[in-house]
Amino acid sequence: MAKDFTKRSQDYSKWYNELVVKADLAETSDVRGAMIIKPYGFAVWEKMQAELDKKFKQTGHQNAYFPLFIPKSYLSKEADHVDGFAKECAVVTHYRLKNSEDGKGVVVDPKAKLEEELVVRPTSETIIWNSFKKWIRSYRDLPVKINQWANVVRWEMRTRLFLRTSEFLWQEGHTAHATKQEAVEEAELMLNVYADFVENFMAVPVLKGIKTESERFAGALETYCIEALMQDGKALQAGTSHFLGQNFAKAFDVKYASKEGNEELVWATSWGVSTRLMGALIMTHSDDHGLVLPPKLAPIHVAIVPIYRNEEQLEAISEKANALKSELEAKGLTVKYDDRDTYKPGWKFSEYEFKGVPLRIAIGPKDLEKGTVELARRDTLTKEFVDYNEVSQKVFTLLDEIQQSLYDRALKFREDSTQTVNNWDEFKAAVKKGGFVNAYWDGTAETENKIKELTKATIRLMPLDSKANAEQGECVLTGKKTNLLVTFARAY
RNA sequence: CGGGGUGUAGCGUAGCCCGGUUAUCGCGCCACGUUUGGGACGUGGAGGCCGCAGGUUCGAAUCCUGCCACCCCGACCA
């Protein structure tokens, strides 16, 4: 399995592709750009969903479901929005097939052309706001705070498993508020929910900030984002939250009667994270031995492998293993006792290692004699013998430790990979080296584009409070005085 | 959608330049036996429209044309 597995230093993207497939997370499908998420990969995604869903509900949101198909005319109601997505929309034009003339298959029935073509949703603002219009009459109907778990389609030229696929899974939150302040607070709140989740559950440290105008979501006034740094020094946008102002309320004519009896446009937000988080997870923690999963997202916390020479030994070991399994499961862990006799222990060790199972316990004849087990941790690849009576406690301690140490390790990597530069030569060298590069920027799209052209680096984010920054510096490209100290990187 | 590369068994490959018996090897798979503290070994077995469609030829995995898919590098993006 991990034999002939590409090392990160040899070819990082090959390493990633092989890891995703060999760890049984996902595979490519016959449909261009679309992926098949396999049970093991989906189990990780389900853990992410479960935690996020809990957080959304705790912050007052309700789940709902809106159609996959959006009437083409809806999409064009908000000008910036349609501009942003038009180039990557799949369109449904017909609703029926018929047998082909030569009898060898089916063809689209030209008679079954749709009056109005349907767009497969690239995101759902328009169809949701079309409903909000019907739902919202008075200030008493506000706020409306909806989330939906769904698939969306964005026709991509180049795709990579989890990182960019034509169809992907995500959640999209859509809220409507009476005041600007409330909407801005909502967008900021959800950004914090994401950051909290990504850092504490995925053990992936993130920077929080806002996007420049050119990187902003199509139709938003402000896009808040969290950015993570991958091991190859490239940044990955892990989640976004948008303050949409009144753009969609205007486009869909969503007004409410205020307490004072005035007719007012409502204020909007939307926010989402996708299966792309799986890519962030993989590229933050995994190593040349395969996947590394933080305990909070691991579908299997502990794998127990018996080592035996005869049936008698297996029985004695199984008794101990099953007792331990029950004890750990009673405390909420997922434990796999792998007593298959079709694979040898060494093979199983490698398999669980490759699949990122945080802890592995081996029980053999020597352990039976000494009353111990061998406990191995995935993140450090270290092993130790532990008294059987203490192993349960030790497992919990170690899982916490692994969760924390993965985060600490990733944070240290990010800090070591963050540079602050003051002039163009330093900037070029820093971007070439990789990682986050902090530099002053004069605030113009022109300079931003020029920098992107010259170095492939983009502004990943501006600090949340950048507008309040009193410090002055010189733009790294133009030398103009500016107070905008922003973070650049090459990005996924 | 531009430039480059690759398509041979589930996976990785030899053969292709220079056309010619039954398409090579490894891994994996199946059966039986021996094994089991870091990817076991033996014996036997199954598995191929040589990416697809045309063409050249007595004869094509091999030569020609077109198409498709995947990978890498650009443009676009979560």
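Every chain is numbered from 1 and lettered A, B, ... according to where its sequence line falls, protein lines coming before strand lines. When reading the values below, keep in mind they use all heavy atoms of this one structure, side chains included, and skip hydrogens, waters and symmetry mates.
A gap of 15 Å separates the C1' atoms of B:G7 and B:G15, to the nearest Å. Across the C1' atoms, B:C50 and B:C16 are found 11 Å apart, a figure rounded to whole Å. Between B:A53 and B:C49, the distance separating the two P atoms is 12 Å to the nearest Å. Nucleotides B:A61 and B:U8 have their P atoms positioned 15 Å apart, rounded to a whole Å. Rounded to whole Å, the separation between the P atoms of B:G48 and B:G10 comes to 8 Å. Rounded to a whole angstrom, the distance from the P atom of B:G51 to that of B:U6 is 14 Å. Rounded to whole Å, the P atom of B:C52 lies 15 Å from the corresponding atom of B:C68. Distance noted for atom C1' between B:C32 and B:C70: 40 Å (whole Å).
Across the protein-nucleic acid pair, A:Leu368 atom CG and B:G37 atom C1' stand 12 Å apart, rounded to whole Å. Rounded to whole Å, atom P of B:C11 lies 19 Å from atom CZ of A:Phe5. In this structure, A:Tyr308 places its OH atom 14 Å from P of B:U34, rounding to the nearest Å. Rounding to whole angstrom units, CG of residue A:Asn310 and P of B:U35 are separated by 10 Å. Look at CZ on A:Arg216: it is 19 Å from P on B:C76, rounded to the nearest Å. Rounded to whole Å, the distance from CZ on A:Phe85 to C1' on B:C77 is 9 Å. One can place OH of A:Tyr12 at 18 Å from P of B:C71, the figure rounded to the nearest angstrom. Between the CH2 atom of A:Trp347 and the C1' atom of B:G38 there is a distance of 13 Å, rounded to whole Å.
Within 4.0 Å of A:Lys211, counting heavy atoms only, lies no atom of the nucleic acid at all. At a threshold of 4.0 angstrom between heavy atoms, the contacts of A:Phe217 with the nucleic acid are absent. No engagement by A:Thr240 is indicated, since no non-hydrogen atom pair under 4.0 Å with the nucleic acid exists. Using a 4.0 Å heavy-atom cutoff across all strands shown, A:Gln237 reaches sugar-phosphate atoms only and no base atom. Residue contacts for A:Leu236: at a heavy-atom cut-off of 4.0 Å it reaches no nucleic acid atom on any strand shown. Within 4.0 Å (heavy atoms only), A:Thr372 reaches no atom of the nucleic acid at all. Note on A:Thr123: nothing from the nucleic acid sits closer than 4.0 angstrom, heavy atoms only. Heavy atoms of A:Asp367 sit under 4.0 angstrom from at least one base atom. When heavy atoms are screened at a 4.0 angstrom cut-off, A:Arg340 is found touching no nucleic acid atom at all. Residue A:Pro306 is classed as having no contact, given no heavy-atom separation below 4.0 Å to the nucleic acid.
Judged by distance alone with a 3.5 Å cut-off, a donor-acceptor contact links the side chain of A:Arg360 to the base of B:G38. Side-chain atoms of A:Lys383 and base atoms of B:G38 include a donor and an acceptor less than 3.5 Å apart. Put simply, the side chain of A:Glu353 and the base of B:G38 share a donor and an acceptor less than 3.5 Å apart.
Under the 3.5 Å distance criterion, with hydrogens and angles disregarded, a donor-acceptor pair is assigned to the side chains of A:Asn438 and A:Thr487.
A cation-pi arrangement is not found for A:Lys55 relative to A:Phe197, the charged atom failing to lie both closer than 6.0 Å to the ring centre and inside a 45° cone about the ring normal. In this structure, A:Lys320 forms a cation-pi arrangement with A:Tyr388, its terminal cationic atom sitting closer than 6.0 Å to the ring centre and no more than 45° off the ring axis. By the 6.0 Å and 45° rule, A:Arg360 stacks over the aromatic ring of A:Phe349.
Taking every side-chain heavy atom of A:Arg309 into account, B:U36 is the closest of B:U36, B:C77, B:G38. When distances run from any side-chain atom of A:Glu156 to the nucleotides B:C76, B:G39, B:U36, the shortest one goes to B:C76. In this structure, of B:G37, B:G38, B:C76, it is B:G38 that holds the atom nearest to the side chain of A:Ser350. Distances were taken from every side-chain heavy atom of A:Lys456 (C-beta onward) to each of B:U36, B:G37, B:G74; the shortest belongs to B:G74.
In a base pair of the Watson-Crick type (N1 to N3 plus N6-O4 or O6-N4) or a G-U wobble (N1-O2 and O6-N3), with each distance short of 3.5 Å, B:G59 is matched with no nucleotide. As the counterpart of B:A40, B:U34 is assigned, both hydrogen-bonding distances of the Watson-Crick or G-U wobble pattern falling under 3.5 Å. Across all strands shown, B:C16 remains unpaired; no Watson-Crick or G-U wobble contact has both distances below 3.5 Å. When both pairing distances are held under 3.5 Å, B:U6 makes a Watson-Crick or G-U pair with B:A69. Pairing for B:C1 is with B:G74, a Watson-Crick or G-U wobble pair whose two hydrogen-bonding atom distances lie under 3.5 Å.
Relative ring orientation between A:Tyr343 and A:Trp347 is described as parallel, the plane-to-plane angle staying below 30° on a 0-90° scale split at 30° and 60°.
In this structure, A:Phe488 has its ring center under 6.0 Å from that of A:Phe427.
Within a 6.0 Å sphere centred on CH2 of A:Trp155, heavy atoms belonging to other residues, nucleotides or ligands number 12 at most.
A:Tyr343 has a side-chain polar atom (N or O) that falls below the 4.0 Å cut-off from OP1 or OP2 of B:C29. Between A:Ser13 and B:C72 there is a side-chain polar atom (N or O) within less than 4.0 angstrom of OP1 or OP2.
Nearest heavy atom pair, residue A:Tyr40 against residue A:Leu25, reads CD2-CD2, 3.8 Å.
Counting only heavy atoms from C-beta outward, the side chains of A:Pro294 and A:Tyr407 never approach each other to under 4.5 Å.
Where A:Phe168 and A:Thr159 meet RNA chain B, the nucleotide closest to each residue was compared, and A:Thr159 sits on the side nearer the 5' end.
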